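Just so you know, these numbers use all the heavy atoms, side chains as well, and skip hydrogens, waters and symmetry mates. Labels below follow one simple rule: chain letters A, B, ... track the order of the sequence lines, proteins then strands, and each chain is numbered from 1. It should be emphasised that the depicted structure is a prediction, and the values quoted were computed from it without experimental measurement.
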There are 2 protein chains.
Amino acid sequence: MTAVVPSARAAGATCCGLATSPVTAEDAERLARMFKALGDPVRLRMAAMIAAQPELCVCEITPAFDLSSGTISHHLKTLRDAGLVDSERRGTYVYYWIQPEALGTLSALLAVH
Amino acid sequence: MTAVVPSARAAGATCCGLATSPVTAEDAERLARMFKALGDPVRLRMAAMIAAQPELCVCEITPAFDLSSGTISHHLKTLRDAGLVDSERRGTYVYYWIQPEALGTLSALLAVH
DNA sequence: CGTCTATCTTGACAGATATCGAATCAATGC
DNA sequence: GCATTGATTCGATATCTGTCAAGATAGACG
């Protein structure tokens with residue numbers, strides 16, 4: 001509770017996509033699920049790793065964390081269920097990649113304008 | 001697990017700020033807390049309401065939800081602790097406003113480029 | 001000061017979540 | 001077919017979270 005008055009507030013301006021998008025109760029459910037998926041440090045780092053490559057094998061994600069393979073799978077499923085990534089098995093390995101549209105939706109929602 | 005190959009993947013390109021930002025374990029903690037704060041439908045709608053106004057009285061937020069005032073306070077505190085909003089008491093009422101820089105940080109992180 | 005109103009805090013609790021280890025499933029290769 | 005390796009699913013558990021009801025605070029105003 002600082003006493004500082006942010007510029008956007010002083011200017012009387014609204015700040016971002018959030019302000020103008022129709023965030024109905026249903027929209028909120030779907031969007032909140034995406035934000036929630038990014039709302040865990042492990043999943044956020046996973047998403048960052050995946051976003052940095054065209055696609056990434058689970059076998060490369062697993063050793064980057066000090067977690068059981070079951071837990072890794074669980075987190076990846078959460079990201080996939082939220083629509084932030086998609087995956088495909090190719091032979092022995094499973095590959096994950098980012099869904100840029102989903103990230104773009106969230107980015108636009110938060111973008112200051 | 002669709003068989004569709006997203007364009008960004010086919011192009012072999014990375015997709016967003018997430019891909020290039022140094023998301024260390026500490027960064028991830030702080031950023032994940034912000035995403036987590038938006039990861040609840042009630043809080044996301046609250047943030048949207050607040051973002052749509054220069055500032056907003058709790059007395060206007062409360063009646064928009066079918067929740068006890070205690071729960072409303074709890075959610076607002078979560079948003080404030082994450083750095084997404086700030087607040088100030090002015091006489092009888094408490095006003096909340098958005099912290100645009102925080103939203104901007106998250107937006108940039110997800111922005112496709 | 002006492003009371004009323006708005007907001008926040010506390011205590012309790014049901015339901016969700018992160019995690020592990022074990023079991024299962026999918027491909028590969030012998 | 002069987003054993004091996006990579007990944008997911010399942011069962012159990014400890015912790016976290018959203019919620020309410022009740023109590024505590026902060027101002028406003030007689």
- Between C1' of D:dA7 and CG of A:Leu76, the distance in whole Å: 10 Å
- Note on the structure: Whole-Å distance, A:Ile72 CD1 to D:dT9 C1', equals 15 Å
- Path from A:Val94 to A:Ile98 over hydrophobic side-chain contacts below 4.5 Å: yes
- Query: What is the distance from CZ of A:Arg33 to C1' of C:dA16, rounded to the nearest Å?
  - Reply: 14 Å
- Nearest 0.5 Å, what's the CG-OG distance between B:Leu56 and B:Ser87? 12.0 Å
- How would nucleotides 25-30 of chain C be written as a contact map, 5' to 3', with B for base contact, S for sugar-phosphate-only contact and - for no contact, using protein heavy atoms under 4.0 Å? -SSS--
- Could you check how far OH of B:Tyr95 sits from C1' of D:dA26, rounded to whole Å? 14 Å
- Atom CH2 in B:Trp97, atom OH in B:Tyr95: separation rounded to 0.5 Å? 11.0 Å
- Query: Is there a side chain to side chain donor-acceptor pair (under 3.5 Å) between A:Ser69 and A:Thr62 once you walk through the steps?
  - Reply: CA-CA 7 Å; A:Ser69 65; A:Thr62 301; over 6 Å; no
- When rounded to whole Å, the CG to P distance for the pair A:Asp81 and C:dA18 reads 12 Å
- Does a side-chain N or O from A:Tyr93 land closer than 4.0 Å to OP1 or OP2 of D:dT8, or not? no
- Message: Just the rounded figure in Å: distance from C1' of C:dA16 to NZ of A:Lys77.
- Response: 15 Å
- Task: Output yes when a side-chain donor or acceptor of B:Thr71 lies under 3.5 Å from a complementary backbone atom of B:Leu67, and no otherwise.
- Result: no
- Answer yes or no: is there a donor N or O on one side and an acceptor on the other, between the side chain of B:Thr105 and the main chain of B:Glu101, under 3.5 Å? yes
- In Å, rounded to the nearest 0.5 Å, how long is the span from OH of A:Tyr96 to CD1 of A:Ile50? 7.5 Å
- Query: For B:Arg45 and B:His75, what are the C-alpha separation, side-chain angles and deciding distance, and is it a side chain to side chain contact (heavy atoms under 4.5 Å, CB included)?
  - Reply: CA-CA 11 Å; B:Arg45 287 168 59 204; B:His75 283 308; over 6 Å; no
- Between C:dA18 (P) and B:Glu29 (CD): distance, integer Å: 13 Å
For residues 28-37 of chain A, please give each side-chain donor-acceptor pair under 3.5 Å, one per line with the distance, not counting sequence neighbours.
{"from": "A:Arg33", "atom 1": "NH1", "to": "A:Asp81", "atom 2": "O", "distance (Å)": "2.9"}

Please tabulate the protein-to-nucleotide N/O contacts below 3.5 Å involving nucleotides 14-22 of chain D, giving atom names and distances.
{"from": "D:dT17", "atom 1": "OP1", "to": "B:Lys36", "atom 2": "NZ", "distance (Å)": "3.0"}
{"from": "D:dG18", "atom 1": "OP1", "to": "B:Arg43", "atom 2": "NH1", "distance (Å)": "3.3"}
{"from": "D:dG18", "atom 1": "OP1", "to": "B:Arg43", "atom 2": "NH2", "distance (Å)": "3.0"}
{"from": "D:dG18", "atom 1": "OP2", "to": "B:Arg43", "atom 2": "NH1", "distance (Å)": "3.2"}
{"from": "D:dT19", "atom 1": "OP2", "to": "B:His75", "atom 2": "NE2", "distance (Å)": "2.4"}
{"from": "D:dC20", "atom 1": "OP2", "to": "B:Ser68", "atom 2": "N", "distance (Å)": "2.9"}
{"from": "D:dC20", "atom 1": "OP2", "to": "B:Ser68", "atom 2": "OG", "distance (Å)": "3.2"}
{"from": "D:dC20", "atom 1": "OP2", "to": "B:Thr71", "atom 2": "OG1", "distance (Å)": "2.9"}

